[in-house]
Amino acid sequence: MRKIVINGGKSLKGHVAVSGAKNSVVALIPAIILADDIVTLDGVPAISDVDSLVEIIEIMGCQVKRSGETLEIDPRGVKNIPLPYGKINSLRASYYFYGSLLGRFAEATVGLPGGCDLGPRPIDLHLKAFEAMGAKVSYEGESMRLATDGQPLQGAHIYMDTVSVGATINTMIAATKAKGRTVIENAAREPEIIDVATLLNNMGAKIRGAGTDVISIEGVDSLHGTRHQVIPDRIEAGSYIAMAAAIGEGVHITNVLYEHLESFIAKLEEMGVRMTIDEDSVFVEKQEQLKAVSVKTSPYPGFATDLQQPITPLLLTAQGRGTIIDTIYEKRVNHVAEMARMGADITVTGGQIVYHAPNKLTGAPVKATDLRAGAALVTAGLMAEGTTEISNIEFILRGYSNIIEKLTALGADIKIIEE
Ligand code: EPZ
């Protein structure tokens with residue numbers, strides 16, 4: 001089993017460049033199956049979710065050329081084969097293959113999605129949209145089959161009962177080549193949704209309103225190739241900004257779109273974090289006294305649920321008491337017990353996280369319970385006196401490209417060991 005080992009207490013200094021957005025690229029790659037020509041992506045992060053998706057589309061018959069952060073995908077040979085439960089189960093975003101296979105073949109058989117354990121993660125809103133467009137759902141073992149029995153997908157008017165990033169993107173992908181117009185109401189507004197719409201429109205789709213809560217899609221008959229730059233990963237950016245504020249002495253984080261992080265930056269400013277923000281980077285100074293604050297997550301542009309865990313170690317360096325409430329995933333609290341083992345004064349009471357700071361953290365053996373919990377434990381390990389060993393690091397490597405290299409370059413004593 002591989003572990004991340006950190007000898008903590010060393011301050012971070014220097015420059016780190018944020019990579020392309022995981023939650024965009026995991027939708028862009030399946031969406032490319034809709035195209036009738038080659039599509040090239042630039043700024044693709046080196047994360048295992050990308051490796052898994054590339055493996056799946058190659059099994060389906062796509063030709064893929066990968067060099068550095070560029071991915072050239074030729075989907076012209078793609079076959080509509082049932083996607084095996086195995087690889088599919090390794091990531092939640094595999095549900096985007098339902099949308100793209102439906103969009104291209106009007107039929108899809110895909111293993112039920114996996115992903116981090118954040119509590120129940122239904123896909124009922126995805127299925128409600130696909131059924132509204134004429135697909136019928138049936139189950140075959142660990143797989144689910146969506147099919148229109150020969151009819152093309154029909155445009156539909158869909159109201160999302162819950163704001164859902166995945167359901168919004170998946171519906172947009174399926175609707176791109178459906179007959180007629182699809183309208184998605186109460187759509188999610190995350191930047192990744194705009195990024196997928198931008199790619200599809202540059203392939204010839206007719207999508208309007210991405211980034212607002214009403215998105216309309218006029219179905220088209222075919223989609224041509226294009227070249228697309230993946231947007232920066234706002235969650236990776238926020239994670240490094242939090243690390244820099246917690247234990248940095250001057251860290252420059254580049255490839256950051258401020259407008260994607262406004263609620264997060266506002267929270268840091270409320271704490272008194274001193275940083276300089278320009279149009280595509282943030283410089284974080286060494287911090288003096290910070291004020292403890294409370295955090296409540298909400299759909300974009302609110303405070304991102306994916307950043308409530310990465311900001312937590314920074315909160316523990318402040319002065320005072322605060323609460324963290326995740327309104328998207330109330331069970332996204334498994335990191336709390338792990339941080340308490342490192343000496344954090346943090347508990348889960350009545351559905352909210354309560355902390356009292358400042359805390360002196362001590363290195364300990366801990367385990368990552370999901371991707372962003374893992375990032376929080378890396379930050380805690382960097383801050384702690386002594387050695388921290390983190391297991392289940394596959395979660396972290398799914399979403400943080402080259403994290404060991406990036407942190408080592410900032411002066412951290414961090415490595416991966418094989419046990
Ligand atoms: C995306 O997950 C992200 N993952 C998550 O990031 C992120 O936390 C989440 O959006 C935030 O909303 C990817 O983009 C691959 P949702 P997604 O559908 O699309 C409920 C990370 O750390 N819901 O927006 O799966 C759901 O239970 C990951 O990078 C339904 O009820 O999330 C949740 O409470 C973790 N029915 C809420 O909606 C559905 O059909 C928001 O989920 C779908 C979702």
Side-chain angles (χ1 to χ4, degrees), residues 19-31 45 47-50 52-53 88 90-99 112-132 137 144 146 158-174 184 186-196 213 230-231 233-239 260 263-264 297-311 325-335 368-376 394-401:
S19 302
K22 165 180 93 75
N23 291 346
S24 179
V25 78
V26 296
L28 297 173
I29 294 173
I47 55 176
S48 59
D49 273 6
V50 168
S52 302
L53 289 168
I88 286 287
S90 67
L91 71 153
R92 176 164 170 85
S94 54
Y95 51 43
Y96 290 129
F97 285 110
Y98 293 127
L112 290 166
C116 295
D117 173 19
L118 307 177
R121 299 185 77 185
I123 57 168
D124 57 309
L125 296 172
H126 302 238
L127 301 182
K128 178 182 159 193
F130 295 145
E131 287 172 320
V137 181
M144 179 169 67
L146 295 166
I158 294 151
Y159 183 83
M160 295 288 176
D161 305 331
T162 309
V163 174
S164 159
V165 173
T168 299
I169 292 178
N170 225 351
T171 305
M172 207 166 65
I173 290 173
I184 306 171
N186 200 27
R189 297 166 50 193
E190 272 72 358
E192 293 74 28
I193 293 162
I194 300 174
D195 204 33
V196 175
D213 60 358
V230 181
I231 56 169
D233 191 317
R234 59 195 169 93
I235 308 302
E236 185 192 18
S239 304
H260 290 173
S263 53
F264 177 76
T297 70
S298 59
Y300 192 87
F303 192 99
T305 169
D306 295 348
L307 285 171
Q308 59 98 340
Q309 295 152 305
I311 199 176
I325 299 174
D326 194 332
T327 66
I328 313 276
Y329 299 113
E330 68 259 17
K331 290 194 173 22
R332 198 170 193 170
V333 297
N334 296 334
H335 56 300
T369 49
D370 65 77
L371 164 60
R372 308 303 171 182
E394 273 54 40
F395 282 121
I396 302 170
L397 303 179
R398 284 186 48 199
Y400 287 91
S401 60

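One is the number of the first residue; the rest follow in order along the sequence. Atoms within each ligand, like the ligands themselves, are counted from 1 in listed order.
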Subject >> Any Gly399 heavy atom less than 4.0 Å from ligand 1 >> reply: no

Subject >> Spatial distance of atom OG1 (Thr305) from atom CZ (Arg332) [nearest 0.5 Å] >> reply: 4.0 Å

Original post:
Taking N or O atoms only and a 3.5 Å limit, does Tyr96 qualify as a polar contact for ligand 1?
Top reply: no

Original post:
What part of Thr305 sits under 4.0 Å from ligand 1 if we count only heavy atoms: the side chain, the backbone, both or neither?
Top reply: side chain

Subject >> Residues that Ser263 engages under side chain to side chain donor-acceptor pair (under 3.5 Å), provided they are two or more places apart >> reply: none

Original post:
Going by the atom numbers of ligand 1, which of them fall below 4.0 Å from some non-hydrogen atom of Arg332?
Top reply: 8 (O), 22 (O), 35 (C)

Subject >> Element-labelled atoms of ligand 1 that are located less than 4.0 Å from some non-hydrogen atom of Val165 >> reply: 10 (O), 12 (O), 16 (P), 18 (O), 19 (O), 24 (O)

Original post:
Does Lys128 reach the main-chain N or O of Tyr159 with its side chain, forming a donor-acceptor pair under 3.5 Å?
Top reply: yes

Subject >> Carboxylate-amine/guanidinium contact Arg234 Glu192, below 4.0 Å >> reply: yes

Original post:
Of the backbone atoms (N, CA, C, O) and the side-chain heavy atoms from C-beta on, which set of Ala167 has a member under 4.0 Å from an atom of ligand 1: side chain, backbone, both, or neither?
Top reply: neither

**OP:** Sequence neighbours left out, what passes side chain to side chain donor-acceptor pair (under 3.5 Å) with Asn170? Give chain and number order.
**Re:** His126

**OP:** Say whether Thr162, considering both its backbone and side-chain N or O atoms, lies within less than 3.5 Å of an N or O atom on ligand 1.
**Re:** no

Original post:
Backbone, side chain, both or neither: what part of Leu371 comes under 4.0 angstrom of ligand 1, heavy atoms only?
Top reply: side chain

Subject >> Per-residue contact class, Asp370 against ligand 1 - non-hydrogen pairs under 4.0 Å >> reply: neither

Original post:
Evaluating non-hydrogen atoms only, which member of Pro122, Gly374, Ala93 is closest to atom 43 (C) of ligand 1?
Top reply: Pro122

**OP:** Return yes if a side-chain donor-acceptor contact under 3.5 Å exists between Thr297 and Asp326, otherwise no.
**Re:** yes

Original post:
Using heavy atoms and a threshold below 4.0 Å, how should the contact between Asp124 and ligand 1 be classified: side chain, backbone, both, or neither?
Top reply: both

Original post:
What are the atoms of ligand 1, with element, lying closer than 4.0 Å to any heavy atom of Gly166?
Top reply: 18 (O), 19 (O)

**OP:** Would you check if the side chain of Glu131 reaches a backbone N or O of Val137 as a donor-acceptor pair within less than 3.5 Å?
**Re:** no

Subject >> Polar atom proximity, Val26 to ligand 1 (N or O, under 3.5 Å) >> reply: no

**OP:** For the pair Lys22 and Asp233, find out whether any cationic side-chain nitrogen is under 4.0 Å from an anionic carboxylate oxygen.
**Re:** no

Original post:
Would you call Tyr95 a ligand 1 contact, heavy-atom distance under 4.0 Å?
Top reply: yes

Original post:
Which of the atoms of ligand 1 are close to Ile123, meaning less than 4.0 Å from one of its heavy atoms?
Top reply: 39 (C), 40 (O)

Subject >> Sub-4.0 Å heavy-atom contact, Thr168 with ligand 1 >> reply: no

**OP:** Kindly confirm or rule out an N or O of Tyr329 lying under 3.5 angstrom from an N or O of ligand 1.
**Re:** yes

Subject >> Non-hydrogen atom of Glu330 closer than 4.0 Å to ligand 1 >> reply: no

**OP:** Of the side chain and backbone of Glu236, name the one, both, or neither that has a heavy atom under 4.0 Å from an atom of ligand 1.
**Re:** neither

Original post:
Lys22 heavy atoms, cut-off 4.0 Å: which ligand 1 atoms fall inside?
Top reply: 21 (C), 29 (O)

Subject >> Atom indices of ligand 1, in the order listed, that fall short of 4.0 Å to a heavy atom of His126 >> reply: 40 (O)

Original post:
What part of Glu192 sits under 4.0 Å from ligand 1 if we count only heavy atoms: the side chain, the backbone, both or neither?
Top reply: neither

**OP:** Report the member of Ala188, Ser164, Ser298 with the shortest heavy-atom distance to atom 44 (C) of ligand 1.
**Re:** Ser164

